[in-house]
There are 2 protein chains.
Amino acid sequence: MKRIADSTVRRLSLYLRFLEEFEEAGLTTVSSEELAARGGTTSAQVRKDLSFFGSFGKRGLGYSVNELTQRMRRILGLDRDWRIIIVGVGKIGAALAQYEGFRQRGFRVVALYDSDPGKVGRQIDGLTVRATDDLAEDNRERPVDIAVIAVPAEAAQRVVDQVIGAGIIGIMSFAPIQLHVPAEVTLNTVNMAMELERLSFALSNRE
Amino acid sequence: MKRIADSTVRRLSLYLRFLEEFEEAGLTTVSSEELAARGGTTSAQVRKDLSFFGSFGKRGLGYSVNELTQRMRRILGLDRDWRIIIVGVGKIGAALAQYEGFRQRGFRVVALYDSDPGKVGRQIDGLTVRATDDLAEDNRERPVDIAVIAVPAEAAQRVVDQVIGAGIIGIMSFAPIQLHVPAEVTLNTVNMAMELERLSFALSNRE
DNA sequence: TTATGTGAACGCATTCACAGCC
DNA sequence: GGCTGTGAATGCGTTCACATAA
């Protein structure tokens with residue numbers, strides 16, 4: 001498939017949310033213009049974004065809310081459940097484990113891990129925290145799709161190597177550090193401190 | 001000032017981290033090439049990024065680690081403390097309140113707010129949770145720079161309006177929703193569910 | 001000689017504008 | 001007539017390549 005820009009994928013996620021809102025509101029048809037207005041973009045942008053994946057609309061009419069919602073789900077890979085684990089059950093990790101926004105989209109947290117013996121065995125949201133060293137064996141028995149990394153910066157690269165060694169190829173990191181992974185692994189990093197710094201920059205540099 | 005691309009600002013944050021590492025390692029000079037290698041970019045990119053703000057290097061030599069670190073801090077607005085509040089002390093909000101990564105960069109959490117009467121009065125990390133309705137008055141007495149929004153999607157726009165009404169012009173949102181703010185307000189949103197969706201897309205669409 | 005700083009070239013994402021279809 | 005789908009034009013960020021300075 002043609003390479004899709006990151007910005008396009010982000011917008012697709014937004015479109016899906018809006019479509020679900022429209023669906024809930026009982027609308028059956030939506031135009032690129034309406035979708036654009038809701039998301040703060042342009043109708044041409046919406047049509048271009050969708051055109052990378054096919055022709056889903058009817059000229060003169062717009063898009064079927066129902067059909068487009070299905071299509072978006074399928075395109076984003078959300079027409080299935082994803083088995084995810086969370087490594088690191090400090091404040092952030094524990095919060096993510098219970099985050100409803102994940103479950104709603106089919107991301108099912110199936111296990112929690114931590115390297116701290118003091119945390120292993122603890123119960124969080126119905127799951128027992130396991131030792132990070134058990135990861136490889138666990139994953140062999142019952143593979144997972146995505147590992148969410150929520151450990152301190154110092155431990156992050158080591159944990160990521162362990163996760164990859166266990167055979168997991170999807171990684172979502174919340175560690176405030178630049179991670180290195182082989183090409184066959186897909187990594188997505190959210191650095192919350194960096195996001196605040198972007199805000200700091202924006203606030204400092206406006207006339 | 002000339003408009004700076006978002007991608008540039010993100011890289012500046014990275015450079016600063018690397019510079020601090022180099023500083024800690026005792027290095028006094030660094031080249032654009034070394035900085036690039038550490039961050040997975042190119043030396044031309046590093047030089048171009050820096051060139052938007054001035055000429056900080058010496059030809060044939062490179063950059064003074066110390067001086068460039070200072071410059072980066074100032075450019076990013078990190079040569080000062082930022083007073084921030086967190087609105088919404090559910091799992092995510094409480095986790096952020098105690099996040100060390102913020103404090104380290106001069107982001108000082110000075111107050112916590114929640115609309116749930118059951119949470120108001122609770123102690124978290126040495127701070128007493130206050131009622132969101134107190135926000136306007138509190139901010140009049142002792143203004144803050146940034147409000148971090150960590151409330152559910154349904155409440156987010158209302159809370160943001162309240163925050164803006166109180167006179168706060170910097171907002172960092174973790175609510176999984178598209179927020180609307182007037183032009184004079186600077187908003188930065190991190191949508192964790194969307195980030196997982198990007199990963200889902202990437203994992204689903206590779207040959 | 002070495003590494004910066006920067007115009008120019010390039011490539012990619014966004015916007016335009018209109019042909020095509022309902 | 002209305003709205004989509006898409007080549008063409010534009011704008012913007014990245015890369016190139018070299019003049020410049022230590």
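Letters go in sequence order (proteins before strands), and every chain restarts at 1.
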For residues 158-165 of chain B, run the donor-acceptor check on the side chains, cut-off 3.5 Å, and write out each pair with its distance to 0.1 Å, sequence neighbours left out.
| from | atom 1 | to | atom 2 | distance (Å) |
| --- | --- | --- | --- | --- |
| B:Asp161 | OD1 | B:Gln157 | NE2 | 3.0 |
| B:Gln162 | NE2 | B:Asp133 | OD1 | 3.0 |

Ignoring hydrogens and geometry, is there a side-chain-to-backbone donor-acceptor pair from A:Asn188 to B:Arg198 under 3.5 Å?
no
Backbone N/O of A:Ser64 and side chain of A:Glu67: donor-acceptor pair under 3.5 Å:
no
Please work out which residues in residues 3-11 of chain B have a non-hydrogen atom less than 4.0 Å from an atom of DNA chain C and list them by number.
none
Decide yes or no for B:Val190 and B:Ser173: does some side-chain heavy atom of the first lie under 4.5 Å from some side-chain heavy atom of the second?
no
Test item: B:Ser43 side-chain N/O and B:Glu33 main-chain N/O as donor-acceptor pair under 3.5 Å
no
For salt bridge (charged side-chain N to carboxylate O under 4.0 Å, His left out), just list the numbers for A:Arg105 and A:Glu20, CA-CA rounded to whole Å, side-chain angles, deciding distance to a tenth of an Å, and then say yes or no.
CA-CA 12 Å; A:Arg105 281 267 178 266; A:Glu20 287 170 342; 3.1 Å; yes
Pair A:Phe102 and A:Tyr99, ring centroids less than 6.0 Å apart:
yes
A:Asp79 and A:Arg73: salt bridge (charged side-chain N to carboxylate O under 4.0 Å, His left out), yes or no, with the steps?
CA-CA 5 Å; A:Asp79 55 343; A:Arg73 283 226 183 82; over 6 Å; no
Roughly how far, to the nearest 0.5 Å, is the CD1 atom of B:Ile146 from the CD1 atom of B:Ile171?
10.5 Å
Could you give the start and end, 5' to 3', of the contact zone on DNA chain D for chain B, using atoms under 4.0 Å from its heavy atoms?
D:dG13 to D:dA22
Under 4.0 Å between a side-chain nitrogen and a carboxylate oxygen: does that hold for B:Arg17 and A:Glu197?
yes
With axes from five pairs an end, tell me the bend angle of the helix from C:dT1-D:dA22 to C:dC22-D:dG1, nearest 10°.
0°
Nucleic acid contacts - residues 43-59 of chain B versus DNA chain C, non-hydrogen atoms under 4.0 Å:
B:Arg47, B:Lys48, B:Ser51, B:Ser55, B:Phe56, B:Gly57, B:Lys58, B:Arg59
Is a side-chain donor-acceptor pair under 3.5 Å present for A:Gln45 with A:Asp49?
yes
Could you check whether any side-chain N or O of A:Gln98 sits under 3.5 Å from a backbone N or O of A:Ala94, counting only pairs where one atom can act as donor and the other as acceptor?
yes
Working to the nearest 0.5 Å, report the span between OG1 of A:Thr189 and CG of A:Leu187.
4.0 Å
Would you say A:Leu12 and A:Leu76 make side-chain contact, with heavy atoms under 4.5 Å?
yes
Is the backbone N or O of A:Arg83 less than 3.5 Å from a side-chain atom of A:Asp145, with the two atoms forming a donor-acceptor pair by type?
yes
Name every residue in residues 60-72 of chain B that has at least one heavy atom under 4.0 Å from any atom of DNA chain C, in order of residue number, or write none if there are no such residues.
B:Gly60, B:Leu61, B:Gly62, B:Tyr63
